[in-house]
Amino acid sequence: LGDPKTSSPALPARGAYSPPAGSGDAPKGVLVLRASYTDRGANGMAPVTKGTDLVLRSPTVVVANGVLSEGIQKSTVEGIPVEVTVVNRSGSSVALKQIDMTNVGAVTFLASAPNQYHAIGGTIEVHLDSSTGTLLGETEAIHPTDGQTPARFRVALQPTSGIHDVYFVFKNPDAKGDQLLLAVLTATFEPAASR
């Protein structure tokens, strides 16, 4: 016990684990990796166990589970397995806290602007650390459609690294006051292309 403490680099775990098929598409799924080591003890001392956990979230997130600003509400729709983010004001946003953006090259939204609800459409901007922070990318215009079936809108992102708050900002310069822009279900973070 009197020996000075020395720190040494942790040794990496070895091996491979493949999550079950389709688990990457589960927006509420989480994978917890736990690594632990127990030494042999010495000089009559009991063994000591040390461990660490790593929590990996699904790359697909339910946008309505983020922090919603004014002008946005959650809605439950029969037949849709996740809550829907209903955007009622241009400039409103949803924040996803503490997202590791290292090697993320794009995000794909599942969204729609249904005519039957008088949605006017708009765009989704992806910002870093605040709703007015660095703009990483923007969707093409999401136009009103006759059906309710959501479409995929992919945004290529500027390279970023580290853990950040990510803000999705919804815009339509033609919107007047509180007016339905669009509905968003999920956002899927995609890896950057290998070079």
Side-chain angles (χ1 to χ4, degrees), residues 19-31 56-97 99 101 104-128 130-133 135-158 160 165-193:
S23 61
D25 298 327
K28 295 184 181 180
V30 173
L31 176 65
L56 302 175
R57 295 186 276 185
S58 170
T60 299
V61 296
V62 177
V63 175
N65 289 341
V67 179
L68 310 178
S69 75
E70 286 188 34
I72 296 187
Q73 63 190 47
K74 295 179 187 182
S75 180
T76 303
V77 178
E78 187 176 331
I80 296 179
V82 297
E83 287 183 301
V84 177
T85 305
V86 180
V87 180
N88 291 311
R89 185 180 304 160
S90 183
S92 57
S93 64
V94 172
L96 299 179
K97 301 294 187 174
I99 302 292
M101 295 299 289
V104 174
V107 62
T108 297
F109 296 97
L110 201 54
S112 68
N115 268 329
Q116 71 188 65
Y117 298 113
H118 308 290
I120 61 170
T123 60
I124 305 172
E125 297 178 348
V126 181
H127 290 263
L128 210 56
S130 77
S131 60
T132 58
L135 176 64
L136 298 180
E138 179 180 5
T139 64
E140 62 185 77
I142 300 169
H143 297 289
T145 58
D146 288 333
Q148 289 189 44
T149 304
R152 296 186 185 282
F153 297 90
R154 187 175 186 275
V155 181
L157 301 177
Q158 294 178 23
T160 306
D165 294 343
V166 177
Y167 284 74
F168 302 142
V169 180
F170 308 95
K171 297 221 174 149
N172 185 326
D174 298 328
K176 295 172 179 57
D178 287 350
Q179 189 173 15
L180 177 61
L181 273 64
L182 47 94
V184 185
L185 280 70
T186 60
T188 301
F189 293 90
E190 301 173 8

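Keep in mind that this is a model prediction, so the values were computed, not measured. We're numbering straight along the sequence, starting at 1.
Legend: residues meeting side chain to side chain contact (heavy atoms under 4.5 Å, CB included) with Thr132, ordered by chain and number and at least two apart, are Ser130. When the side chain to side chain contact (heavy atoms under 4.5 Å, CB included) test is applied to Ala187, the partners found at least two apart in sequence or on another chain are Val61, Val63, Val107, Phe109, Phe168. For Thr160, the side chain to side chain contact (heavy atoms under 4.5 Å, CB included) partners two or more places apart in sequence, or in a different chain, are Met101, Leu128, Leu136, His164. Every residue two or more places apart in sequence or in another chain was checked for a ring-ring contact (aromatic ring centres under 6.0 Å, His included) with Tyr167, and none qualifies. With sequence neighbours excluded, no residue forms a ring-ring contact (aromatic ring centres under 6.0 Å, His included) with Phe170.
Looking only at distances, no side-chain donor or acceptor of Glu83 sits under 3.5 Å from a matching main-chain atom of Asn65.
Here Arg152 contributes atom CZ and Ser112 contributes atom OG; the two are 13.0 Å apart, rounded to the nearest 0.5 Å. To the nearest 0.5 Å, the span separating CD on Glu70 from CZ on Arg89 amounts to 5.5 Å. Atom CD in Gln158 sits 7.0 Å away from atom CG in Leu135 (nearest 0.5 Å). Expressed to the nearest 0.5 Å, how far CG of Leu185 lies from OG1 of Thr60 amounts to 11.5 Å.
With a 6.0 Å radius and a threshold of 12 heavy atoms from other residues, nucleotides or ligands, Arg154 has its CZ atom above the threshold.
Nearest heavy-atom pair, Gly71 versus Ser92, reported as atom, atom and distance to 0.1 Å: O-OG, 3.9 Å. When all heavy atoms of Lys176 and Gln179 are compared, the closest pair comes out as N-OE1, 3.1 Å. Between Val169 and Ser93, the closest heavy-atom pair is CG2-CB, 4.0 Å. Residue Pro150 comes nearest to Leu110 through the heavy atom pair CB-CG, 3.9 Å, listed as atom of the first residue, atom of the second, then distance. Closest approach of Leu180 and Val87 over heavy atoms only: CD1-O, 3.4 Å.
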Does Ile142 form a side-chain contact (heavy atoms from CB on, under 4.5 Å) with Phe153? I'd like the steps, not just the answer.
CA-CA 8 Å; Ile142 300 169; Phe153 297 90; 3.7 Å; yes
Are Gln73 and Leu68 close enough, and set up right, to give a side-chain contact (heavy atoms from CB on, under 4.5 Å), and what steps lead you there?
CA-CA 7 Å; Gln73 63 190 47; Leu68 310 178; 5.8 Å; no
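Looking at heavy atoms from C-beta onward, Val184 lies in side-chain contact with Ile124 at the 4.5 angstrom threshold.
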Distance-only criterion, 3.5 Å: show the donor-acceptor pairs between side-chain atoms of residues 113-123 and protein atoms not counting sequence neighbours.
unit_1	atom_1	unit_2	atom_2	d
Asn115	ND2	Asp146	OD1	2.9
Gln116	OE1	Gln148	NE2	3.4
Thr123	OG1	Glu138	OE2	3.1

